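Inspection log for the structure reproduced underneath, given as structure tokens.
Keep in mind it's a predicted model, so treat the numbers as computed, not measured. In what follows, chains are A, B, ... by sequence order, proteins preceding strands, each numbered from 1.
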Amino acid sequence: MERRMGSKAKMSGFPEWLPEQELVQARVLQILREQFGLHGFTPLHLRSVEPVEVLTSKGEDADKEIYGVQRLAAEPGTAAKLGLHFDLTVPMARYVMQNRGSLVFPFRRYQIAPCWRGERPQMGRYREFIQADIDIIGEGSLDPMYDAEMVWLLAHVMKALPIPAVQLYVNNRKLLEGLYRGFGIEDITTALRIVDKLDKIGADKTIELMVEAGIATATAQRCIEVANIEAQDASLRETIGAFGVSNDLVEEGLRELVAVLEYGHGGGVTAALRIARGLDYYTGTVVEGVLESHPKAGSVCSGGRYDNLAGDGKVKLPGMGVSVGVTRIMALCFHHGLLEASPKKTTADVLVIVHDDESVSQSHAVARQLRERGVACVVSHRASAYGKQIQWAEKVGIEYVWFPPRKGGEHEVKNIRSGEQAAADPSAWTPR
RNA sequence: GCGGGCGUAGCUCAGUCGGUUAGAGCGCCGGUUUGUGGUACCGGAAGUCGUGGGUUCAAAUCCCAUCGCCCGCCCCA
């Protein structure tokens with residue numbers, strides 16, 4: 001059966017990296033796993049597919065971006081009962097509900113996995129993308145202190161990655177809702193959606209839209225004043241106090257938000273009251289991070305508190321989680337040249353030269369000896385001229401070329417960057 | 001889902017008021033260099049001009065359709 005795999009065209013929204021890029025991403029993933037592990041989060045792999053009801057129950061218009069999954073042989077015209085998850089939080093909530101009897105709370109886990117959304121692709125926005133998601137779930141209740149800890153953890157993790165600086169912005173939905181209620185706004189969701197466009201369309205247009213939605217001009221103006229607030233410390237209390245709105249939501253939201261700010265970031269996290277985004281299951285703290293150098297490229301990490309995602313009438317399983325948009329980060333960094341692609345296109349550090357067809361097995365023996373000691377290497381694919389073999393090593397970014405002994409001579413290693421060549425012992429030599 | 005742009009060699013593109021065998025740079029392969037790369041010079045391979053149809057003596061070029069990719073909106077990692 002002769003069939004060529006795929007077409008040469010890229011599939012929009014399904015990014016695939018080159019080896020040198022993939023190696024950089026692998027490093028990023030490794031750091032994320034190390035950091036998450038350091039904080040006691042357990043890696044947990046959950047399935048990619050969920051019943052459609054599970055995926056849609058917590059997001060109103062999320063259904064149109066969900067990819068349905070069914071057998072090719074399914075009855076034509078039938079709606080898919082299964083869908084690919086669009087984030088890692090919703091499946092995790094389902095899992096925690098199902099296994100709550102076997103889990104120990106507060107439950108911490110992380111998962112790094114692809115997610116799928118059927119949106120129109122663009123730079124940094126894909127239909128398949130890797131997300132690194134980390135959550136902590138409480139049983140009955142979850143101390144607001146965890147909100148602060150998770151935001152701190154997110155800031156810490158982003159700093160540990162080999163990427164340009166990320167600025168984190170936090171807000172609190174209780175605070176916003178409390179203020180908006182205090183202003184007399186009833187349809188909070190609509191108001192927030194409009195205000196969220198402030199950056200793009202400007203204040204005048206925003207007010208116009210709000211008035212169209214039945215909000216008084218003066219009220220709309222106050223909303224915009226709120227949206228413009230930024231703070232890095234408890235001075236936020238006075239700023240908010242000036243609006244003269246006092247209710248439980250405002251008090252609670254303010255307390256939580258200030259707690260996040262004061263968790264020891266030293267100003268690394270900014271409260272920005274314009275941040276209203278995130279999936280709509282968030283109930284309190286919300287956080288969002290952008291690359292300082294490219295804030296308009298969208299958020300590269302985000303998260304928040306969700307008190308009602310998991311649990312039913314009887315059990316309450318509130319959670320706090322954040323996730324890192326690995327694919328978006330990689331795409332932005334590659335596109336804008338924000339980080340060096342790996343100089344290497346392979347994991348090998350050494351290329352073992354093959355002198356001639358008769359000594360191939362000798363070269364393989366050297367390679368085995370090196371690998372036993374953890375030195376990554378490959379044997380040259382062809383006993384061509386040394387220059388050709390060295391050239392191949394150069395092309396894939398291998399720094400060392402190993403010459404097995406000839407005619408009873410010694411092993412030699414050449415560093416092809418420096419040009420240095422010297423005798424070496426395969427049972428002792430290590431790169432660098 | 002709505003709006004706009006673009007599909008010519010592996011990559012980036014030139015060529016388009018229709019006219020002989022469709023070009024460049026980079027990359028790739030080979031040679032100068034009788035087995036130790038990177039530079040330089042010389043040579044070579046490589047294209048159903050996205051696809052289908054139409055107009056014409058003649059289409060990469062004009063018309064229609066279709067598919068794909070990219071950008072903006074929406075939304076979000």
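- If you take atom C1' in B:rC73 and the same atom in B:rG10, they sit 35 Å apart, rounded to whole Å.
- Projected onto RNA chain B by closest heavy-atom contact, A:Gly289 and A:Ser384 fall at different nucleotides, the more 5' of which corresponds to A:Ser384.
- Listed by chain and residue number, A:Glu399 satisfy the salt bridge (charged side-chain N to carboxylate O under 4.0 Å, His left out) test with A:Arg417 (two or more places apart in sequence, or in another chain).
- Annotation: proximity of residues 325-333 of chain A to RNA chain B (heavy atom, distance under 4.0 Å) is found for A:Gly325, A:Arg328, numbered in ascending order.
- Remark: A:Arg120 is not in phosphate contact with B:rC71, judged by side-chain N or O atoms under 4.0 Å from OP1 or OP2.
- Checking side-chain atoms of A:Asp133 against main-chain N and O of A:Gln111 turns up no donor-acceptor pair under 3.5 Å.
- Nearest nucleotide to the side chain of A:Ser302, out of B:rC71, B:rC75, B:rA77: B:rA77.
- B:rU34 and B:rG23 are spaced 38 Å apart, taking the C1' atom of each and rounding to whole Å.
- Counting to the nearest Å, the P atom of B:rC73 and the CD1 atom of A:Ile201 are 12 Å from each other.
- Every ring-ring contact (aromatic ring centres under 6.0 Å, His included) that A:His294 has, sequence neighbours left out, goes to A:His336.
- Close to B:rC70, at under 4.0 Å from its OP1 or OP2, lies a side-chain N or O of A:Ser12.
- When the P atom of B:rG38 is taken as reference, atom CG of A:Asn415 falls 16 Å away, rounded to whole Å.
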Which protein N or O atoms sit under 3.5 Å from an N or O of nucleotides 29-32 of chain B?
residue: B:rC29; atom: OP1; partner: A:Lys395; partner atom: NZ; Å: 3.2

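- Closest to the side chain of A:Tyr386, out of B:rA77, B:rG35, B:rC71, is B:rG35.
- Atom P of nucleotide B:rG35 and atom CD1 of A:Ile353 are separated by 14 Å, given to the nearest angstrom.
- By the 6.0 Å contact criterion, CD on A:Glu186 is open, its count of non-hydrogen atoms from other residues, nucleotides or ligands being 12 or less.
- Residue-level contact check: A:Cys301 touches the backbone only, with heavy atoms under 4.0 Å from sugar-phosphate atoms and none from bases.
- A:Arg127 comes within 4.0 angstrom of no nucleic acid atom, judged by non-hydrogen atoms across all strands.
- Nearest to the side chain of A:Glu394, among B:rG37, B:rC71, B:rA77, sits B:rG37.
- Residue A:Ile134 contributes atom CD1, which lies 16 Å from atom P of B:rA77 at whole-angstrom precision.
- For A:Ile416, the side-chain atoms get nearest to B:rG37 when compared with the rest of B:rA77, B:rG37, B:rC75.
- For the side-chain hydrogen bond (donor to acceptor under 3.5 Å, both in side chains) condition, the pairs that include at least one residue of residues 419-429 of chain A, sequence neighbours left out, are A:Glu412-A:Gln421, A:Asp425-A:Ser427.
- With hydrogens and angles left out, the side-chain atoms of A:Gln232 and A:Thr270 include a donor and acceptor closer than 3.5 Å.
- Taking the ring-ring contact (aromatic ring centres under 6.0 Å, His included) definition, one finds that A:Tyr180 meets it with nothing, sequence neighbours left out.
- Taking atom P on both nucleotides, B:rG52 is separated from B:rC13 by 25 Å, rounded to a whole Å.
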Problem - Secondary-structure string, 5' to 3', Watson-Crick or G-U under 3.5 Å, | for another-strand partners, for RNA chain B - result: (((((((..((((.....[...)))).(((((.......))))).....(((((..]....))))))))))))....
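- Under the stacking definition used here (centres under 5.5 Å, planes under 30°), the residue A:Tyr126 fails to qualify as stacked on the base of B:rA77.
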Distance-only donor-acceptor pairs under 3.5 Å for side chains of residues 36-43 of chain A, two or more places apart:
residue: A:His39; atom: ND1; partner: A:Gln35; partner atom: O; Å: 2.9

Practice task
Show your working on side-chain contact (heavy atoms from CB on, under 4.5 Å) between A:Ile185 and A:Thr219 and close with a plain yes or no.
Solution key: CA-CA 8 Å; A:Ile185 296 174; A:Thr219 307; 3.7 Å; yes
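- Rounded to whole angstrom, the span from the CG atom of A:Leu209 across to the P atom of B:rC73 amounts to 15 Å.
- For the C1' atoms, the distance from B:rC49 to B:rA22 is 8 Å, rounded to whole Å.
- Residue pairs meeting the salt bridge (charged side-chain N to carboxylate O under 4.0 Å, His left out) criterion with at least one member in residues 27-52 of chain A, sequence neighbours excluded: A:Arg47-A:Glu50, A:Glu50-A:Arg94.
- Taking 4.0 angstrom as the limit, A:Ser299 places none of its side-chain polar atoms (N or O) nearer than this to OP1 or OP2 of B:rC76.
- In this structure, CG of A:Leu18 is placed 14 Å from C1' of B:rG27, rounded to the nearest angstrom.
- Using a 4.0 Å heavy-atom cutoff across all strands shown, A:Val354 reaches at least one base atom of the nucleic acid.
- The stretch residues 150-161 of chain A participates, sequence neighbours left out, in no salt bridge (charged side-chain N to carboxylate O under 4.0 Å, His left out) pair at all.
- For A:Lys205, the salt bridge (charged side-chain N to carboxylate O under 4.0 Å, His left out) test picks out A:Glu208, with sequence neighbours left out.
- A donor-acceptor contact closer than 3.5 angstrom is absent between the side chains of A:Tyr282 and A:Asp307.
- Every pair passing side-chain hydrogen bond (donor to acceptor under 3.5 Å, both in side chains) that includes a residue from residues 373-393 of chain A is listed here, sequence neighbours excluded: A:His355-A:Tyr386, A:Ser380-A:Gln389, A:Tyr386-A:Arg406.
- Here B:rG37 presents its C1' atom at 12 Å from CD of A:Gln421, a figure rounded to the nearest Å.
- Going from the C1' atom of B:rC62 to that of B:rU56 covers 10 Å, rounded to whole Å.
- Rounded to a whole angstrom, the distance from the C1' atom of B:rU36 to that of B:rG68 is 47 Å.
- Distance noted for atom C1' between B:rU21 and B:rC2: 47 Å (whole Å).
- Using atom P as the reference point in both B:rG35 and B:rA40, the two lie 24 Å apart (nearest Å).
- At whole-Å resolution of the value, NE2 in A:His355 and C1' in B:rU36 are 12 Å apart.
- In the set B:rA77, B:rC75, B:rC71, the nucleotide with an atom closest to the side chain of A:Arg117 is B:rA77.
- Between the base of B:rU36 and the side chain of A:Gln389 there is no donor-acceptor pair shorter than 3.5 Å.
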